[in-house]
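These notes concern the structure reproduced below.
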Amino acid sequence: MNKFEQLGLSESLLKAILDLGFENPTEVQEKAIPLLLEKDTDLVALAQTGTGKTAAFGFPLIQKIDADNRNTQALILSPTRELCLQITNEIKNYSKYEKGINVVAVYGGASITEQARDIKRGAQIIVATPGRMQDMINRGLVNIKNIDYCILDEADEMLNMGFYEDIVSILSDTPEEKSTWLFSATMPAEVARIAKKFMSDPLEITVGAKNSGSATVSHEFYLVNARDRYEALKRLADANPDIFSVVFCRTKRDTQAVAEKLIEDGYSAAALHGDLSQAQRDSVMKSFRGRQIQMLVATDVAARGIDVDNITHVVNYQLPDEIETYNHRSGRTGRAGKLGTSIVIVTKSELRKISSIERIIKQKFEEKTIPSGIEICEIQLLHLATKIKDTEVDHDIDNYLPAINNVLEDLTKEELIKKMVSVEFNRFINYYKKTRDLSSQSGGERRESSDREPRESNGGAVRYFVNIGSRDNFDWMQLKDFLKETLDLGRDDVYKVDVKEGFSFFNTDPEHTDKVMEILNNVQLEGRRINVEISKNDGGGRRDHNGRSSGGGFGGGFKGGDRGGRSFGGNSGGGGFRSDRGSAPRREGGFGSSERAPREGGFGSPRPERSGSPRREAFTPKTPGSDRAPRRSESFGDADRPKRPRKS
């Protein structure tokens, strides 16, 4: 007996459920559907992404809609175009045996007049993104003043994306006597404020603990040096041959760069971020759903609304700015009762974030080490053997067997197996047999120290003197961003930034020295040339909690410094490697490595496009201090050079 029959659903809905292959309702469906069918009420449902929330509100909504009334009776708001279309398709599938029910999707990037025309023809249910819905209301193209039901799906996501004012405005245009159903993974303050303002004595159901992670997702972290982040990602992919994953980066730039490098190294990968056109986004998602892409590299905003079955891994290449966002990331895997894994690649400075996330998701992370080359080779070898064993034979090959047997007749069974496996396996063993161990020292006792500590680096840091400072309208954060963008380095790669009036200091690890000297000494700012030199001062000494130096620098009294500004999850270089997939050797130097050639054209010039990838926007810096008067001694040296510190 199908357990959906016990929830009070109509025969037509049960028939559609049978066609869809649903057998057992999820917990949120089991709790929500009977409540919503029993009476008209407001409801707050807290449940993780991927727990079947669309069906939880979709089934009772369809059963309550009057199919003979062509007026709009229900509005469903969702955060993204992808989720809007997905909900629309699912509602249509659920209502396939309900004659006369029409569902219209309203979202940006499509013709607003066509959407208005579809609504005018008669749409009992509108599924919309907040921005486009507000636009249609402002133009008088839609009337929601008499709706009976309003559903907010992924409410916390919509508010995270900045739709609070739109949602408040839209809800203010709806009648007070409607039923409002709010579905959310977490309950931040803004969601609670919406519920308090627009809902009346709502029933509340919670699947699992509030804000907790899904029980079907395991969490693990890998501690690496910042420069090894990309190489670690490759190894984790190779150690999971059947990986079908979403890889999260913090910025569009890093997302594009990581995806391009993965493609260059022979992995089936693609980027998904806000700079892609809608046609490009649709093409990427179609390929991902068809499993033609194994590693979808995405920003948090672009990934919102992705609902793809059987994602095996979520990889946090960089941790998000907001810890709560981690919950949404990990919710992309472990859906529909299946197991999934959320992986975090961290550096020492980020370890304390792991403890913070554990408190929120109420689950523990397992610390693991990046697999060694030998371990990966063993995994790949066994995977290849299993793949050969499970391959279905196409008997069209039978006609060619005599000729094949003639070629292979001198080989023993053992020799044949070795050669057959070696065809696929040799590239792994040739690459990994000489690689080094990537695992940083154990996180063991997790550091609770502040991010404001000076960064530790292998082989010591290189301290630079540069002839730009606060009078060029830079503070430490702006200068750090400027250096990161100009040098194409990750945020963790530039640190201990001290900004003075006419000059500044900063550190990088030694492998970036050539790149820093070559690029920065060819950059111009407002017509004058930037000069950089390696400083004799190592920037030593520790900083107090205000960012002041306690012993390092000139005279030990410089203000500024990083002041805790090192954001967790910064992009980092990938170290030198050659491609392990593909016959032609790649250039030395992975993603973000110091061997990358400097841009032509100096400051702000775009790099050449790579064929087959969406164009990357060139970095166009702001021009600080453009209205200031000319100053004496603009060049490196002269009055701008700091005096030798006095002996104490």
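Here, residue 1 is the first one in the sequence, and each next residue gets the next number. What you see below is based on every heavy atom in this structure, not just the backbone, and it leaves out hydrogens, waters and symmetry mates. Note that the structure is predicted; figures quoted are calculated from it, not measured.
- A salt bridge is defined here as a Lys NZ or Arg NE, NH1 or NH2 lying under 4.0 Å from an Asp or Glu carboxylate O, and R281 with D275 fails to meet this definition.
- Residues D475 and S470 are not in side-chain contact: their nearest non-hydrogen atoms beyond the backbone lie 4.5 Å or more apart.
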Working for ring pair (Phe, Tyr, Trp, His ring centres under 6.0 Å), residues Y464 and F505: CA-CA 5 Å; Y464 304 90; F505 298 94; over 10 Å; no

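- The closest donor-acceptor contact from the side chain of N240 to the backbone of L236 lies under 3.5 Å.
- Among D254, V315, T299, the one residue that satisfies the side chain to side chain contact (heavy atoms under 4.5 Å, CB included) test with C249 is D254.
- Applying side chain to side chain contact (heavy atoms under 4.5 Å, CB included) to V297 and the options T255, I263, L233, V246 leaves one that passes, T255.
- For E518 (side chain) and K515 (main-chain N/O), no donor-acceptor pair under 3.5 Å exists by modelled atom type.
- The backbone N or O of C377 lies less than 3.5 Å from no partner atom in the side chain of Q380, so there is not a single donor-acceptor pair.
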Given salt bridge (charged side-chain N to carboxylate O under 4.0 Å, His left out), test K353 with E350 step by step and report yes or no. CA-CA 5 Å; K353 289 291 179 185; E350 299 167 321; over 6 Å; no

Salt bridge (charged side-chain N to carboxylate O under 4.0 Å, His left out) evaluation trace for R291 with D242: CA-CA 11 Å; R291 299 182 78 94; D242 292 321; over 6 Å; no

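- A side chain to side chain contact (heavy atoms under 4.5 Å, CB included) with F221 is found for one member of I357, I343, L351 and no other, namely L351.
- Put simply, the side chain of D472 reaches to within 4.5 Å of the side chain of R528, judged on heavy atoms.
- Scanning all heavy atoms of the two residues, the minimum distance from A303 to F248 falls at CB-CE2, 3.4 Å.
- For A259 against A270, the heavy-atom pair with the smallest separation is CB-C, 3.8 Å.
- Below 30°, between 30° and 60°, or above 60°: for F482 and F474 the angle between ring planes is between 30° and 60°, a tilted geometry.
- The existence of a salt bridge linking R229 and D493 is excluded, since no basic side-chain nitrogen approaches an acidic carboxylate oxygen closer than 4.0 Å.
- The side-chain heavy atoms of D321 and T325, taken from C-beta on, include no pair separated by under 4.5 Å.
- Smallest separation of non-hydrogen atoms from V247 and Y317: CG1-CB, 3.8 Å.
- A donor-acceptor pair is defined here as one N or O able to donate and one able to accept, closer than 3.5 Å; such a pair exists between the side chain of Q294 and the backbone of I243.
- The backbone N or O of I468 sits less than 3.5 Å from a side-chain atom of S504, completing a donor-acceptor pair.
- For the residue pair I370 and A232, the shortest heavy atom distance occurs at CD1-CB, 3.7 Å.
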CA sep, side-chain torsions, deciding dist, call: M285, L296, side chain to side chain contact (heavy atoms under 4.5 Å, CB included): CA-CA 9 Å; M285 285 308 302; L296 180 65; 4.1 Å; yes

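- Contact of the T312 side chain with the T341 side chain is not registered, since no non-hydrogen atoms from C-beta on lie closer than 4.5 Å.
- Geometrically, R463 does not engage F506 in a cation-pi contact, judged by NZ or CZ lying under 6.0 Å from the ring centre and within 45° of the ring axis.
- Put simply, the side chain of N507 does not reach to within 4.5 Å of the side chain of V462, judged on heavy atoms.
- Between the T486 side chain and the L483 main chain, no donor and acceptor come within less than 3.5 Å of each other.
- Shortest non-hydrogen contact noted between G334 and V217 is CA-CG2, 4.0 Å.
- For the residue pair Y222 and D228, no side-chain donor N or O sits within less than 3.5 Å of a side-chain acceptor on the partner.
- Here the side chain of Y267 pairs no donor or acceptor atom with the backbone of D238 at under 3.5 angstrom.
- Taking the side chain as every heavy atom from C-beta outward, V314 and S245 never approach each other to under 4.5 Å.
- In this structure, the side chain of Q318 engages the main chain of R250 through a donor-acceptor pair within 3.5 Å.
- Atom CE in M517 sits 15.0 Å away from atom NE2 in H512 (nearest 0.5 Å).
- At least one donor-acceptor pair closer than 3.5 Å links the side chain of S330 to the backbone N or O of N327.
- At a cut-off of 3.5 Å, with distance as the only test, no side-chain donor of R352 or S355 sits close to an acceptor on the other residue.
- Ring pair Y326/F365 is tilted by interplanar angle, where 30° to 60° counts as tilted.
- Nearest heavy-atom pair across N316 and S342 is ND2-OG, 3.4 Å.
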So V346 and L319, side chain to side chain contact (heavy atoms under 4.5 Å, CB included) or not? Walk me through it. CA-CA 8 Å; V346 293; L319 280 169; 4.1 Å; yes

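- The ring of F288 has its center closer than 6.0 angstrom to the ring center of F244.
- Remark: the backbone N or O of V532 is paired with a side-chain donor or acceptor of N521 at under 3.5 angstrom.
- Within the 4.5 Å cutoff, no side-chain heavy atoms of H273 are placed close to those of D300.
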K348 vs L223, side chain to side chain contact (heavy atoms under 4.5 Å, CB included): CA-CA, chis, key distance, verdict: CA-CA 7 Å; K348 288 180 185 178; L223 182 62; 4.2 Å; yes

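- Counting heavy atoms from C-beta outward, H219 and K364 have side chains that stay 4.5 Å or more apart.
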